[in-house]
Number of protein chains: 2
Amino acid sequence: MASIIDVAKKAGVGIATVSRTINNSGYVKKETREKIERIIKEVGYVPNEIARSMTLQKNNIVAFILPNSTHLFFGELLYYVEEELYNQGFKMMICNSSMQTEKDLSYIDLLKKNRVDAIILLTNNDVESQLDKRLPIVSFDRKFDGVPFVSSDNHAGGVMAAKHLIKKGCKNIMFIGDDAQGLHTNVSTEVSKRRIGFLEELKRNGIDKVINIEYPLGNYIYIPDYVHELIQSHPEVDGIFCISDAVAAEVILNLEKNGKKIPEDVKVIGFDGGRSFINLGKRITSIGQSPKLIAEAISEIIVKYYLKEKVENIIVPVYFQNGDTA
Amino acid sequence: MASIIDVAKKAGVGIATVSRTINNSGYVKKETREKIERIIKEVGYVPNEIARSMTLQKNNIVAFILPNSTHLFFGELLYYVEEELYNQGFKMMICNSSMQTEKDLSYIDLLKKNRVDAIILLTNNDVESQLDKRLPIVSFDRKFDGVPFVSSDNHAGGVMAAKHLIKKGCKNIMFIGDDAQGLHTNVSTEVSKRRIGFLEELKRNGIDKVINIEYPLGNYIYIPDYVHELIQSHPEVDGIFCISDAVAAEVILNLEKNGKKIPEDVKVIGFDGGRSFINLGKRITSIGQSPKLIAEAISEIIVKYYLKEKVENIIVPVYFQNGDTA
DNA sequence: TTGTAAGCGTTATCAC
DNA sequence: GTGATAACGCTTACAA
């Protein structure tokens with residue numbers, strides 16, 4: 001493939017002049033420029049970005065480590081982040097960690113070798129101790145010491161959910177979440193603030209007794225059997241806040257199978273919102289996160305890293321999304 | 001950041017020896033190796049992959065250009081392709097073209113500059129004329145002259161759908177697809193074979209008159225109003241094959257709104273299959289594509305490119321997925 | 001076994 | 001305005 005040297009030779013100029021022409025930097029006489037541009041077309045020259053990265057010591061690549069692009073919300077997030085970064089002149093590498101700690105770590109290692117300009121980290125694994133804090137990392141929904149993070153306003157979301165259930169007259173309330181990490185790690189994600197905000201708001205309204213079901217994060221989708229049994233053992237419950245729409249969907253199916261009418265008998269609120277277009281049934285009432293706003297926030301931090309400016313955490317607002325289940 | 005030279009100096013050896021140690025190539029005396037490895041740890045040296053790409057003229061990056069990772073099937077495909085490529089030692093760059101021809105092209109251009117080792121192209125845009133056929137491209141669900149492609153066995157899928165509707169006793173059959181490209185381009189995707197296989201099998205069974213509704217590809221999700229009207233103007237229809245589950249979902253909602261019972265009055269089959277976990281209603285009966293098999297096929301072609309072996313098209317089998325709508 | 005040096009394709013600094 | 005040339009960090013003949 002033609003290089004800058006070939007172009008220079010053919011045009012009878014030095015490589016520096018060609019470089020200036022390509023990059024629109026420094027002075028180049030008009031005729032020289034035109035000649036060079038003609039030759040570039042002629043030989044089909046395409047600048048080598050790798051060589052450029054080499055000299056400039058940056059490659060304009062950002063990597064996104066996430067558990068699974070199959071998860072609908074993550075897929076959306078991925079889309080918006082890529083779009084935003086593209087507009088800022090970055091390319092994006094995607095790294096599916098499949099929720100395995102070793103894969104998280106081996107990716108971080110790989111990305112170090114590749115000298116990516118920034119890493120977006122979305123993980124529930126216990127990687128804190130092995131994280132090189134000098135790396136330009138931005139974390140989503142998770143706080144690491146010394147690493148800036150972006151997250152939705154989970155606390156406010158929990159409050160919203162509580163307010164809605166109270167307004168609807170619910171008396172026996174339950175929380176269900178798959179963010180308990182106690183079994184094999186001691187990480188605590190920002191996501192747990194959904195529960196905290198929820199419980200606080202209930203308490204403010206005199207509701208102290210809430211049935212709190214938490215279980216360890218699995219694949220983000222399916223609920224372990226014993227949790228289903230726990231739900232059934234509380235027929236008095238008339239309002240449930242679930243930590244995600246995926247969990248809410250499972251819970252609703254369980255309740256309906258056991259003869260409950262949703263939302264008449266039990267109101268159920270989820271978290272995530274947005275659309276899921278292959279949906280023939282009820283729309284889940286939910287606290288919505290905005291993947292677009294989140295993407296903008298992440299991108300903002302990355303640009304600041306790039307410009308060597310000071311970076312700060314960003315909390316993105318959530319919204320109440322009306323549906324058919326509460 | 002420490003470079004190979006720093007390590008060499010500190011270890012009192014030449015850089016070639018360090019390089020040999022890192023890459024496990026050539027002879028290095030055991031003690032020398034051990035010393036070098038110690039120093040590497042000491043100074044926190046991480047090989048620079050960019051420099052390596054420079055020398056080796058390959059960077060082990062594969063790019064995936066696709067319309068939208070938000071689309072559930074694409075999100076799944078993305079996941080499996082990434083996983084497969086990771087196992088083969090490749091990193092993956094993701095490029096959302098948002099269905100814009102210019103973005104497709106500007107990405108291809110970008111990837112040329114970045115000297116990626118292969119490009120996976122998933123597009124419905126008319127880019128044929130501007131495609132550099134010397135590039136290592138593998139196309140999904142789309143035939144370009146001189147470019148190897150992977151696709152599901154769409155024709156067999158169409159046949160399966162026809163067989164099922166016939167078995168269920170349908171007499172007045174309709175096809176609905178959003179793959180008509182006539183309006184602004186003249187591309188024809190592999191996807192149109194779903195319709196062809198479907199119609200052929202019906203004809204073999206004496207069913208000649210099929211109501212064929214095709215409309216231009218939009219965002220893969222929503223159906224234009226006039227198509228909804230067309231559907232309503234055929235109340236005699238009792239069996240419908242839709243080109244995707246997304247389309248099927250819209251069609252089913254339309255029919256139910258107009259008082260039809262699914263599947264009692266009308267049987268509806270979609271295409272894509274797999275799971276969509278936030279689904280509280282009926283499961284769509286569908287012809288399933290296997291994102292995992294597709295990913296393996298794509299990866300197989302890429303590895304062949306890499307080894308400079310001859311590449312060939314690969315057709316992946318589909319399967320019938322029972323659901324509640326047919 | 002090991003070290004020297006060429007080469008990969010750029011950009012940027014300095015003379016001219 | 002322009003052209004040598006050093007530098008970026010690595011791999012790999014080739015020599016020793």
Side-chain angles (χ1 to χ4, degrees), chain A residues 1-37 39-40 43-61 89 91 109-117 306, chain B residues 1-40 43-61 89 91 109-117:
Chain A
M1 201 166 245
S3 85
I4 201 172
I5 300 183
D6 303 319
V7 176
K9 271 191 190 141
K10 204 144 191 170
V13 301
I15 57 170
T17 309
V18 178
S19 178
R20 281 185 210 108
T21 309
I22 301 167
N23 298 298
N24 253 307
S25 62
Y27 299 97
V28 181
K29 212 204 299 176
K30 201 174 159 213
E31 296 100 74
T32 321
R33 161 181 303 277
E34 280 162 359
K35 180 166 189 184
I36 290 173
E37 282 168 348
I39 305 272
I40 286 180
V43 303
Y45 165 72
V46 180
N48 184 325
E49 217 32 63
I50 300 178
R52 190 177 255 160
S53 304
M54 181 92 186
T55 337
L56 300 181
Q57 303 287 357
K58 53 177 59 183
N59 56 16
N60 286 40
I61 292 181
K91 293 139 272 175
D109 213 57
L110 189 67
L111 299 172
K112 246 185 189 165
K113 288 192 190 137
N114 282 278
R115 306 291 197 265
V116 297
D117 289 335
Y306 197 79
Chain B
M1 203 167 244
S3 83
I4 201 173
I5 300 184
D6 303 320
V7 176
K9 272 192 191 141
K10 204 143 189 168
V13 300
I15 57 170
T17 309
V18 178
S19 176
R20 281 185 210 107
T21 309
I22 301 167
N23 299 298
N24 252 307
S25 62
Y27 300 95
V28 180
K29 210 206 297 178
K30 200 173 160 214
E31 296 99 76
T32 320
R33 161 181 304 278
E34 280 162 359
K35 179 165 191 188
I36 291 174
E37 282 167 348
R38 189 162 41 74
I39 304 274
I40 286 179
V43 303
Y45 166 72
V46 180
N48 184 326
E49 214 37 57
I50 300 177
R52 189 178 254 159
S53 304
M54 182 93 186
T55 334
L56 300 181
Q57 303 286 4
K58 52 177 60 184
N59 56 15
N60 287 37
I61 292 182
K91 295 138 270 176
D109 213 57
L110 187 69
L111 299 172
K112 246 185 190 167
K113 288 192 190 138
N114 280 280
R115 305 290 195 268
V116 297
D117 288 336

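- Here D:dC10 presents its C1' atom at 16 Å from NZ of B:Lys58, a figure rounded to the nearest Å.
- A:Thr55 contributes no side-chain N or O that forms a donor-acceptor pair with the base of C:dT11 under 3.5 Å.
- Here the CG atom belonging to A:Asp117 is positioned 6.0 Å from the OH atom belonging to A:Tyr306, to the nearest 0.5 angstrom.
- Between the NZ atom of B:Lys112 and the P atom of C:dG9 there is a distance of 17 Å, rounded to whole Å.
- Regarding B:Met54, its CE atom lies at a distance of 11 Å from the P atom of C:dT11, rounded to whole Å.
- Rounded to whole Å, atom P of C:dA5 lies 16 Å from atom CD1 of B:Ile4.
- Between A:Ser25 and C:dT11 there is no side-chain N or O to OP1 or OP2 distance below 4.0 Å.
- Proximity note for B:Ala16 (side chain, C-beta onward) versus D:dG3, D:dG9, D:dT12: the nearest is D:dT12.
- Atom OG in A:Ser3 sits 8.0 Å away from atom NZ in A:Lys9 (nearest 0.5 Å).
- A donor-acceptor contact under 3.5 Å is formed by the side chain of B:Arg20 with the base of C:dG3.
- Using a 4.0 Å heavy-atom distance criterion, A:Val46 is classed as a sugar-phosphate-only contact.
- For C:dT2, the OP1/OP2 oxygens have no side-chain nitrogen or oxygen of B:Thr17 closer than 4.0 Å.
- Contact record, B:Ile50 with A:Met54: CG2-N, 4.0 Å, taken as the closest heavy-atom pair.
- Heavy atoms of B:Thr32 sit under 4.0 angstrom from primed sugar atoms or phosphate atoms, though from no base atom.
- A:Gln57 contributes atom CD, which lies 10.5 Å from atom CE of B:Met1 (distance to the nearest 0.5 angstrom).
- Atom NZ of A:Lys91 and atom CG of B:Leu110 lie 5.5 Å apart (nearest 0.5 Å).
- Not one side-chain nitrogen or oxygen of B:Ser19 sits closer than 4.0 Å to the OP1 or OP2 atom of D:dC10.
- Counting to the nearest Å, the P atom of C:dT10 and the CE atom of A:Met1 are 11 Å from each other.
- Taking every heavy atom of both residues into account, A:Glu49 and B:Asn114 meet most closely at CG-OD1, 3.2 Å.
- With the nearest nucleotide of DNA chain D identified for both A:Tyr27 and A:Leu56, A:Tyr27 has the one nearer the 5' end.
- When the options A:Asn23, A:Asn60, A:Asn59 are evaluated for a side-chain hydrogen bond (donor to acceptor under 3.5 Å, both in side chains) with A:Arg52, the one that passes is A:Asn23.
- Within the 4.0 Å cut-off from OP1 or OP2 of C:dT11, at least one side-chain nitrogen or oxygen of A:Asn23 is found.
- Note: NZ (B:Lys113) to C1' (C:dG9) measures 15 Å, nearest angstrom.
- Atoms CD1 (A:Ile36) and P (D:dG3) sit 8 Å apart, rounded to a whole Å.
- Here C:dT1 presents its P atom at 13 Å from CD of B:Glu34, a figure rounded to the nearest Å.
- Base contact: A:Ile15 has a heavy atom under 4.0 Å from a base atom.
- For B:Gln57 and C:dG7, the shortest distance from a side-chain N or O to OP1 or OP2 is not below 4.0 Å.
- A salt bridge is absent between A:Lys35 and A:Glu31; no separation between the charged side-chain nitrogens and carboxylate oxygens falls under 4.0 Å.
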Item checked: 5'-to-3' dot-bracket of DNA chain C (Watson-Crick, G-U; under 3.5 angstrom; crossing pairs as [ ]; | other strand) -> ||||||||||||||||
